[in-house]
Protein chains: 2
Amino acid sequence: MGTGVARKISESTVRRLSLYLRFLEEFEEQGTETLSSEELARRGSTTAAQVRKDLSLFGSFGKRGLGYSVRELKSTLRRLLGLDRAWRVALIGAGRIGSALFAYGDFRRRGFTIVTVLDTDPDKIGARWGSVRIQDAEGLEEVLRRESVDIAILAVPVEEAQRVADRVVDAGVQAVLNFAPTQLHVPTEVALRDVSMSMELEALSFALTTGNGTGP
Amino acid sequence: MGTGVARKISESTVRRLSLYLRFLEEFEEQGTETLSSEELARRGSTTAAQVRKDLSLFGSFGKRGLGYSVRELKSTLRRLLGLDRAWRVALIGAGRIGSALFAYGDFRRRGFTIVTVLDTDPDKIGARWGSVRIQDAEGLEEVLRRESVDIAILAVPVEEAQRVADRVVDAGVQAVLNFAPTQLHVPTEVALRDVSMSMELEALSFALTTGNGTGP
DNA sequence: CTAATGTTGTGAACGATTTCACAAGCACGG
DNA sequence: CCGTGCTTGTGAAATCGTTCACAACATTAG
């Protein structure tokens, strides 16, 4: 029942909730109906206490002596993560990364629908990708408003990324997923994640160099 | 001088070191020669104390009253992160994501060279991508050994990801960057990063749903 | 109904990371 | 050469996240 409470949930907890959800889907496919925190922990390379603590931040979803109902916990996690609705996503940038993201099935599967694609390249504007037509990024604000976009995915060159982010924010979008290799600045009320593939490689380079592992 | 010391560096610190390096490159392009922890912190949405603490884990690189030399700190960070050498990378999976990653300029720029691309699709095997020829993933272990691959990037379907990871590990590769939407298991001595684009979107969904921001 | 078994939910202990606060050090001007 | 101003490097304190340990409770068997 704690969903309405204003509590600060850590980034690690949110990541783990996503993971738990995936694992629950796996277990469901295998026909498992009930699951203990111990089993969930084993699948996710974490501890049973961690699983229970994460969940307890939001309420009490298990049955003592039994564990968790896979079906129920799955639907609870979907609700907690806000995945019980369809999010309207704009993809900005129709280059290589943009097109790979567009085709990425995992997004759709999880309720993220790319409702519009934008680019500045005249050769691309107007082209059809599946059921969407590439829009001119010139009219970005108008398009994002008209399409009631919730989340913008930025797959634009690094030089343009901050400028595009500013425009996206101006258009009232509250969440941005950035694939350009830079750290963007947005107002605090806008949610932002920078995905930096090079930084992931650099973390591996560091691990190889120092002999430190990367995992927990 | 503390580079040889076996100290446990946190994931957050490593991520920030990568960020600092990028910022230093930006500042260098603008002709800045000297930088205070305060300025670096502002660019990276962190605090000056955090910057100094991060750096102090490895040694003492600044001048009191003056700040840091951009050139020197940049080269120090490159060395700390292991970017003062060329890493040999194998790209496994020549689908949409694989091809986007292959073309991703930021990797090359940072010393990661994709020396081989592998796939199982007979239509792709043998094709040239720039200067590399797509190899048959059948002979994965042999290719990775022959090419002295340091890091493997997995851009394969989720069903195959764990199996491919196992083979990559068998071939002696010590670091894996996984783009398949699953959490892989590898021996502790192998460095692994799972990049989950859907999980990033889910974090945004959570932020939008709860009103929590995502940033610090 | 009672006992035995198993697993949750959670306060408390622990550990890690971040922030604070300030002495120490360097550059510059007078 | 000394004082002023600025910035680092770093212990100490505060905060945040994880692990421990166990009472509370559900289920099942007898």
Side-chain angles (χ1 to χ4, degrees), chain A residues 1-3 5-17 19-20 24 27 32-70 72-73 76-77 80 203 212-216, chain B residues 1-3 5-17 19-20 24 27 32-70 72-73 76-77 80 203 212-216:
Chain A
M1 303 230 138
T3 46
V5 192
R7 204 199 285 257
K8 214 187 46 192
I9 304 298
S10 78
E11 200 177 316
S12 335
T13 296
V14 178
R15 195 195 332 283
R16 283 192 302 265
L17 293 180
L19 276 173
Y20 301 156
L24 286 167
F27 280 108
T32 312
E33 292 188 355
T34 265
L35 207 60
S36 69
S37 55
E38 178 59 39
E39 293 169 286
L40 206 41
R42 202 173 313 124
R43 177 63 183 86
S45 307
T46 179
T47 66
Q50 182 73 79
V51 171
R52 295 200 300 273
K53 188 62 105 180
D54 285 337
L55 296 176
S56 78
L57 297 172
F58 300 94
S60 169
F61 310 114
K63 285 206 170 56
R64 298 178 191 224
L66 253 193
Y68 302 88
S69 149
V70 172
E72 278 176 32
L73 187 55
T76 301
L77 286 177
L80 291 177
N212 272 3
T214 47
Chain B
M1 302 232 137
T3 46
V5 192
R7 204 199 284 257
K8 213 188 48 191
I9 303 299
S10 77
E11 199 177 317
S12 334
T13 296
V14 177
R15 195 195 331 282
R16 283 192 302 265
L17 294 180
L19 276 173
Y20 301 156
L24 286 167
F27 280 109
T32 312
E33 293 188 354
T34 262
L35 208 59
S36 69
S37 54
E38 177 59 37
E39 294 169 285
L40 207 41
R42 203 173 311 123
R43 177 63 184 88
S45 308
T46 179
T47 66
Q50 182 73 78
V51 171
R52 296 200 299 274
K53 189 61 102 179
D54 285 337
L55 297 176
S56 78
L57 296 173
F58 300 94
S60 169
F61 310 116
K63 284 205 170 57
R64 297 177 190 227
L66 256 192
Y68 302 89
S69 149
V70 171
E72 279 176 32
L73 186 55
T76 301
L77 285 177
L80 291 177
N212 272 4
T214 46

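Chain identifiers are assigned alphabetically (A, B, ...) following the order of the sequence lines, protein sequences preceding nucleic acid strands; residue numbering begins at 1 within each chain. Just so you know, these numbers come straight off a predicted model, no measurement behind them.
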Do the side chains of A:Leu55 and A:Leu77 get nearer than 4.5 Å, heavy atoms only? yes

Nucleotide N/O to protein N/O under 3.5 Å, stretch nucleotides 23-25 of chain C:
| residue | atom | partner | partner atom | Å |
| --- | --- | --- | --- | --- |
| C:dA24 | N3 | B:Arg64 | NH1 | 2.9 |
| C:dG25 | N2 | B:Gly65 | N | 3.2 |

Partners meeting side-chain hydrogen bond (donor to acceptor under 3.5 Å, both in side chains) with B:Ser10 (sequence neighbours left out): B:Thr13

Among all residues two or more places apart in sequence or in another chain, which pass the side-chain contact (heavy atoms from CB on, under 4.5 Å) test with B:Thr34? none

Whole-Å distance between C:dT8 P and A:Leu73 CG? 11 Å

With sequence neighbours excluded, tell me which residues meet salt bridge (Lys or Arg N to Asp or Glu O under 4.0 Å) with A:Glu72. none

For B:Ser36, the side-chain hydrogen bond (donor to acceptor under 3.5 Å, both in side chains) test, sequence neighbours excluded, returns B:Glu39

Just to confirm, is there a sub-4.0 Å distance from OP1 or OP2 of C:dC26 to any side-chain nitrogen or oxygen of B:Tyr68? no

Where protein sits on nucleotides 13-19 of chain C, one letter per nucleotide: B base, S sugar-phosphate only, - none, heavy atoms under 4.0 Å: ---SSSB

Opening and closing nucleotides of DNA chain D in contact with chain B, under 4.0 Å to non-hydrogen atoms: D:dC6 to D:dA12

Starting from the C-alpha separation in whole Å, work towards a yes-or-no answer on side-chain contact (heavy atoms from CB on, under 4.5 Å) for A:Phe58 and A:Leu17. CA-CA 11 Å; A:Phe58 300 94; A:Leu17 293 180; 3.6 Å; yes

What residues form a side-chain contact (heavy atoms from CB on, under 4.5 Å) with B:Arg15, not counting sequence neighbours? A:Met199, B:Glu11, B:Arg193

Atom-pair distance (CZ on B:Arg52; C1' on C:dC20), nearest Å: 10 Å

Suppose we screen for salt bridge (Lys or Arg N to Asp or Glu O under 4.0 Å). Which residues come up paired with A:Glu33, at least two apart in sequence or across chains? none

Can you list everything that forms a side-chain contact (heavy atoms from CB on, under 4.5 Å) with A:Thr32? Sequence neighbours excluded, please. A:Phe27, A:Gln30, A:Leu35, A:Val70

Salt bridge (charged side-chain N to carboxylate O under 4.0 Å, His left out) pairs touching residues 49-69 of chain A, sequence neighbours excluded, are A:Arg16-A:Asp54

